Amino acid sequence: MEEALTDFLIEKPFFDTSYLDQKDLSGIEPLPVSALIVTYNRSPNRMAELNPLYWAVDSLRRQKHSGLSEIVIIDDSSTDYTPETVRQL
């Protein structure tokens with residue numbers, strides 16, 4: 001029974017967003033959105049491009065029609081390269 005439920009959730013999303021691809025959104029101004037990323041030791045590598053924190057911010061920046069106005073990164077006293085990664089962003 002549990003497997004059937006898991007398969008159903010994987011195969012069918014809770015909502016269908018395909019209608020957005022069919023609409024012309026060129027004249028619509030998106031609402032401003034703030035993204036909050038709370039992090040703790042998510043930058044284990046010196047090179048920013050190799051860190052999950054960098055990937056998350058890069059993914060947010062690449063979103064279409066997002067209305068993203070700011071990205072706020074909250075660091076919970078990381079002891080890795082998180083501060084260096086944030087400075088490079």
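Values reported hereafter were calculated over all heavy atoms of this structure, with side chains retained and with hydrogens, waters and symmetry mates removed. Note that the structure is predicted; figures quoted are calculated from it, not measured.
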Report task. For the pair Ile37 and Val57, evaluate side chain to side chain contact (heavy atoms under 4.5 Å, CB included) and give the outcome as yes or no after the intermediate values. Result -> CA-CA 8 Å; Ile37 299 175; Val57 173; 3.8 Å; yes

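Shown here for Tyr40 and Ser78, the closest heavy-atom pair between the two residues is CA-OG, 3.4 Å. Shortest non-hydrogen contact noted between Glu70 and Ser34 is OE2-OG, 2.7 Å. Across all non-hydrogen atoms, the minimal contact from Asn45 to Leu50 is ND2-O, 3.2 Å.
In this structure, Val72 shares a hydrophobic cluster with Leu36, Val38, Ile74, the cluster being traced through Ile, Leu, Val, Met, Phe, Trp and Tyr side chains under 4.5 angstrom apart. Using a 4.5 Å cut-off between side-chain heavy atoms of Ile, Leu, Val, Met, Phe, Trp and Tyr, Leu31 forms no hydrophobic cluster with any other residue.
Atoms CG and CG, from Asn41 and Leu53 in turn, are 11.0 Å apart once rounded to the nearest 0.5 Å.
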If you look only at distance, which donor and acceptor atoms sit under 3.5 Å apart when one is on a side chain in residues 82-89 and the other is two or more places apart or in another chain?
from, atom 1, to, atom 2, distance (Å)
Thr82, OG1, Asp80, OD1, 2.7
Thr85, OG1, Ser43, OG, 3.3
Thr85, OG1, Asn51, ND2, 3.3
Thr85, OG1, Tyr81, O, 3.0

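Note on Leu68 and Trp55: same hydrophobic cluster, where clusters join Ile, Leu, Val, Met, Phe, Trp and Tyr whose side-chain heavy atoms are under 4.5 Å apart, directly or indirectly.
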